2 protein chains.
Amino acid sequence: MLFYNISIGFYAVASKSMQPLGFEKHDHATCISDAVERADAVCRDSGLQFTPVRRRVLEILLSDHRARGAYEILDILRNEGLGSQPPVAYRALEFLVAHGFAHRIEKLNAFIACGYSEHNHMPAFLICRNCGSVAETDAAPNRSAVGRIAKAAGFHIERAIVEVEGLCPECQEAEA
Amino acid sequence: MLFYNISIGFYAVASKSMQPLGFEKHDHATCISDAVERADAVCRDSGLQFTPVRRRVLEILLSDHRARGAYEILDILRNEGLGSQPPVAYRALEFLVAHGFAHRIEKLNAFIACGYSEHNHMPAFLICRNCGSVAETDAAPNRSAVGRIAKAAGFHIERAIVEVEGLCPECQEAEA
DNA sequence: TATTGATATGTTATAAAATAACAATTAACA
DNA sequence: TGTTAATTGTTATTTTATAACATATCAATA
Ligand SMILES: [Zn+2]
Ligand SMILES: [Zn+2]
Ligand SMILES: [Zn+2]
Ligand SMILES: [Zn+2]
């Protein structure tokens, strides 16, 4: 199974009629296991418990690099007998987000696996309003115009939510 | 009644023990009427109906330049006999947001009056995690690092959600 | 100004997203 | 092994948002 991405982490989405174009392929088979492996190692090093539910939720998020709602994830867990009530999903997601293995996308009320191996970076997302695909890149708020304004105002930035909406390359072609 | 802001639009909040410092004062009495007046004029020019509910919701949002949830606004409307069910508040807010008189803050599931007279700009917000105050400034995503990356990736930006969390100047002092 | 089509509001009901609270279980460590 | 801390199970509820349809109001024009 092959998925496509570009260097900044623009992910293809399984749903709808999106045809990736101009994207590098990536070997999705090793991509999931690699990311899970990395998370496992980080947890071992940090004394965190990478429990079955947490591992499985990360796998689900990685399975097609798509943004998924908590209840969508819960449905899968329920079918697999790994938990049937909302708090189970929300707790696992809270853990993954807290430790940088996943991110929450406010605009979508959804979660996505982190596409970067460096932990605790500040992500920015490009969200296609047509096909729902989501690309991850880096926000670097302190070096941005907003960062300069914040500094001038004496505001100390701890976290940035940067979610850009628009049309991905494929959907621009489709509209034309 | 005086509220304080700085040139980029950092607003004081009525709640909690926040003491504005280093902010310019602004004449809040005229501030509300001016903004409502502006919205009225824009609506007249554009053939939009600036109805009593819509006007009142804008006044509420302006009344202390604070981010307010839809149900908080609905409570006020209900007390005033202007509508008692959620759709009334949500419709008015949808109208105000659609025409640039207010913005939705995703991180807070809340709404705030636009602090700028130029319509349809792309706002960015500085949100204090301690006192909840919200400052509005400009995102200018096309000139940002994310904008450059998006362009390189062939992604067409239509809208940007930029919400920066951290500590406002006052709360930094309080923590120290 | 009476007709009429569009826009806005009133209302009921429900959906969707998230959390509080407490009990039961499992892991970590002395 | 016993003790504490962390995690999960479970029930119930809260918060946020929308669908659907009835009624009222507005705006244009016949
Ligand atoms: Zn992959
Ligand atoms: Zn697309
Ligand atoms: Zn004011
Ligand atoms: Zn503050």
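First the proteins, then the strands, lettered A, B, ... as listed; each starts at 1. Keep in mind it's a predicted model, so treat the numbers as computed, not measured.
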Separation of [X] atom [atom1] from [N] atom [atom2], in whole Å?
X	N	atom1	atom2	result
B:Arg91	C:dT11	CZ	C1'	9 Å
B:Arg68	D:dT15	CZ	P	17 Å
B:Glu72	D:dA17	CD	C1'	16 Å
B:Gln85	D:dT16	CD	C1'	15 Å
B:Phe50	C:dT9	CZ	P	12 Å
A:Leu74	D:dT10	CG	C1'	13 Å
B:Tyr90	C:dA17	OH	P	13 Å
B:Phe95	D:dC26	CZ	C1'	14 Å

*Of B:Ser84 and A:Asn109, whose nearest nucleotide on DNA chain C comes first from the 5' end?*
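Nearest nucleotide further toward 5': that of B:Ser84.
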_Is the positively charged end of A:Arg54 above the ring of A:Phe95, judged by distance under 6.0 angstrom from the centroid and angle within 45° of the axis?_
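So A:Arg54 does make the cation-pi contact.
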salt_bridge([X], [Y]) N-O dist < 4.0 Å:
X	Y	value
A:Arg91	A:Glu94	no
A:Arg104	B:Glu106	no
A:Arg44	A:Asp40	yes

Which of these nucleotides, [options], is closest to any side-chain atom of [X]?
X	options	result
A:Pro86	C:dA18, C:dT11, D:dT8	C:dA18
B:Pro87	D:dA19, D:dT11, C:dA18	D:dA19
B:Thr51	D:dT16, C:dA8, D:dT8	C:dA8
A:Ala70	C:dG10, D:dA17, C:dA18	C:dA18
B:Gln49	C:dT12, C:dA20, D:dC26	D:dC26

_By the 4.0 Å heavy-atom rule, please label A:Tyr71 as base, sugar-phosphate, or nothing._
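Base contact.
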*D:dT8 phosphate, OP1 or OP2, under 4.0 Å from A:Arg54 side-chain N/O*: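 Checking D:dT8 against A:Arg54, a side-chain N or O does come within under 4.0 Å of OP1 or OP2.
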*Below 4.0 angstrom from OP1 or OP2 of C:dA18, is there any side-chain N or O of A:Arg104?*
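So the side chain of A:Arg104 is within the cut-off, an N or O lying under 4.0 Å from OP1 or OP2 of C:dA18.
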*Do B:Ile161 and B:Leu126 sit in the same hydrophobic cluster, where Ile, Leu, Val, Met, Phe, Trp and Tyr count as joined when their side-chain heavy atoms come under 4.5 Å apart?*
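Per the 4.5 Å side-chain linkage, B:Ile161 and B:Leu126 are not co-clustered.
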